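Following: one structure in structure tokens, then a few remarks.
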Amino acid sequence: MTNTTVNSLGIHDIALATTTFSLDMKELADANGVDVNKYRTGIGQDMQSVPADDEDIVTLAAAAAQPIIDRHGVDDISTVILATETGVDQSKSAGLFVHSLLGLPPNARVVEVKQACYAGTAGLQFAAGLLSRNSDEKVLVITTDIARYDVGSSGEGTQGAAAVALLLVANDPAIALLDPVSGFYSNDIMDFWRPNYRSTARVDGKQSVAAYLEATIQAVDDYLDKGGLPLSSFAAFCYHQPFTKMAYKAHKNLLHSHGIEADAERMEHDLAASTIYNRAIGNSYTASLYVGLLSLLDHSHDLSGQHIALLSYGSGCVAEFFTITMQPGYREHLRAADTQRSLAARTPISHEQYLALRNKPADDGHDREFDVQTTSGFRLAAISDEQRIYSTTIEHVGAATG
Ligand code: CAA
């Protein structure tokens with residue numbers, strides 16, 4: 001076992017997957033009797049990703065991680081940390097289904113972590129802790145979620161789904177160094193939650209927005225108190241995006257609270273590139289911040305050597321403000337064209353088709369076969385004897401469960 005210094009570790013690879021279907025906000029606006037500009041301009045969303053009948057957080061997670069496995073293989077992956085708030089089992093980690101679908105080594109440990117949309121960042125920091133203990137290992141962190149609110153509710157415009165997988169290594173990561181200073185804030189509030197018996201979230205929309213703004217200020221204050229970089233140091237800011245306008249609200253509020261002018265040019269410079277994918281995908285809870293990060297990297301000029309600020313927020317609530325430093329040559333390791341192709345390849349569906357998908361029977365334990373719809377290579381084939389049966393068409397993977 002070798003030790004390493006904490007500030008040489010970071011993100012070696014990152015990849016995104018989203019759903020087979022998309023819903024244009026015009027479809028939702030017309031059905032809900034809402035002016036489409038409330039969605040497009042008011043909350044900053046053009047489309048939302050909609051899962052196919054045979055897609056869930058496991059198939060999304062496997063699809064996000066597959067390109068990373070194709071590039072780096074499975075050797076040395078010691079740990080899989082899957083972050084979600086769309087859990088498919090009260091006991092078993094969804095990561096174990098992914099472990100099987102990807103053919104990961106039996107000697108890897110697998111765990112699921114939860115704290116609303118924040119859990120992916122917890123996973124990243126836990127990975128850093130593991131890597132600082134043993135620098136020979138690699139840790140796969142997968143953020144994966146389906147954001148779902150009641151049909152016709154005001155939250156419905158902020159739905160979406162995606163997964164982002166990140167491979168963390170201890171030395172010389174190809175994409176970015178994870179900087180050592182982080183600011184935290186936690187507070188026991190009920191702004192958004194999902195009791196065990198519900199498949200959709202309960203939310204106090206206005207309180208959740210106010211709580212996010214307050215948590216951002218507090219987490220940044222903690223970061224600065226711990227000797228973090230001044231706010232003027234960052235080439236860009238990347239926020240958790242339940243809807244893209246939330247990033248603008250939070251950033252403006254943060255800048256104002258530090259006496260910094262938040263004019264349109266400044267906001268565009270700091271944020272715009274990080275919102276492009278999220279405008280088209282919608283909220284993806286744990287994945288949303290990392291969708292934003294990929295959007296920033298895929299749509300920016302070369303940021304090598306520059307610092308990026310990230311704000312992670314999970315309702316309930318926990319926030320963390322932390323930073324990364326881009327590695328020289330990181331752009332050669334991105335997959336911008338593949339990501340953009342997969343977003344463009346989603347099949348647009350009508351509101352009637354969306355409702356038909358929403359009205360499928362809930363997972364109530366009854367045996368059920370799922371319609372063959374996904375284009376991802378991983379599918380939830382059936383529920384049988386209260387077990388989830390997954391299958392894959394990807395050839396090189398190991399023991400798939402169906
Ligand atoms: N043209 C342009 N803009 C319009 C418009 C129109 N025709 N009609 C309304 N708008 C604007 C409004 O002025 C408003 O803008 P401001 O926020 O700048 O004032 C914006 O559109 C939204 O309008 P409302 O405030 O009336 O919207 P709403 O109350 O119906 O719903 C919401 C907004 C509360 C965010 C709701 O979508 C919701 O509850 N979403 C789920 C919760 C959520 O995402 N919370 C975010 C923080 S919590 C978090 O981040 C964790 C997480 O992932 C859930």
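Please read all numbers here as calculations on a predicted model, not as lab measurements. Read the numbers this way: they start at 1 and go in the same order the structure lists the ligands and their atoms. Along the sequence shown, residues carry numbers from 1.
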So salt bridge (Lys or Arg N to Asp or Glu O under 4.0 Å) across residues 224-237, not counting sequence neighbours, yields D222-K226
| field | Whether over 12 other heavy atoms sit under 6.0 Å from F126 CZ | value | no
Check: Is it true that D24 and R40 have a side-chain N and a carboxylate O under 4.0 angstrom from each other?
Finding: yes
With a 3.5 Å cut-off and sequence neighbours excluded, list the donor-acceptor pairs that the side chains of residues 247-257 form with protein atoms.
unit_1	atom_1	unit_2	atom_2	d
H251	ND1	Y239	OH	2.8
H251	NE2	D270	OD2	2.7
S257	OG	L254	O	2.8

Tabulate distances under 3.5 Å between N/O atoms of ligand 1 and N/O atoms of the protein, writing both atom names on each line.
unit_1	atom_1	unit_2	atom_2	d
ligand 1	7 (N)	D35	OD2	3.0
ligand 1	17 (O)	K249	NZ	2.5
ligand 1	18 (O)	K245	NZ	3.3
ligand 1	18 (O)	K249	NZ	3.3
ligand 1	25 (O)	K206	NZ	2.5
ligand 1	27 (O)	K38	NZ	3.4
ligand 1	29 (O)	K206	NZ	3.0
ligand 1	30 (O)	K38	NZ	2.7
ligand 1	37 (O)	S154	O	2.9
ligand 1	40 (N)	T158	OG1	3.4
ligand 1	45 (N)	S208	OG	2.8
ligand 1	50 (O)	H240	NE2	3.3
ligand 1	53 (O)	H240	NE2	2.8
ligand 1	53 (O)	N283	ND2	2.9

Hits for salt bridge (Lys or Arg N to Asp or Glu O under 4.0 Å) against R335, two or more places apart or cross-chain, chain-then-number order -> D13
Q.
Can you confirm whether Q207 is buried at CD, in the sense that more than 12 heavy atoms of other residues, nucleotides or ligands lie under 6.0 Å from that atom?
A. yes
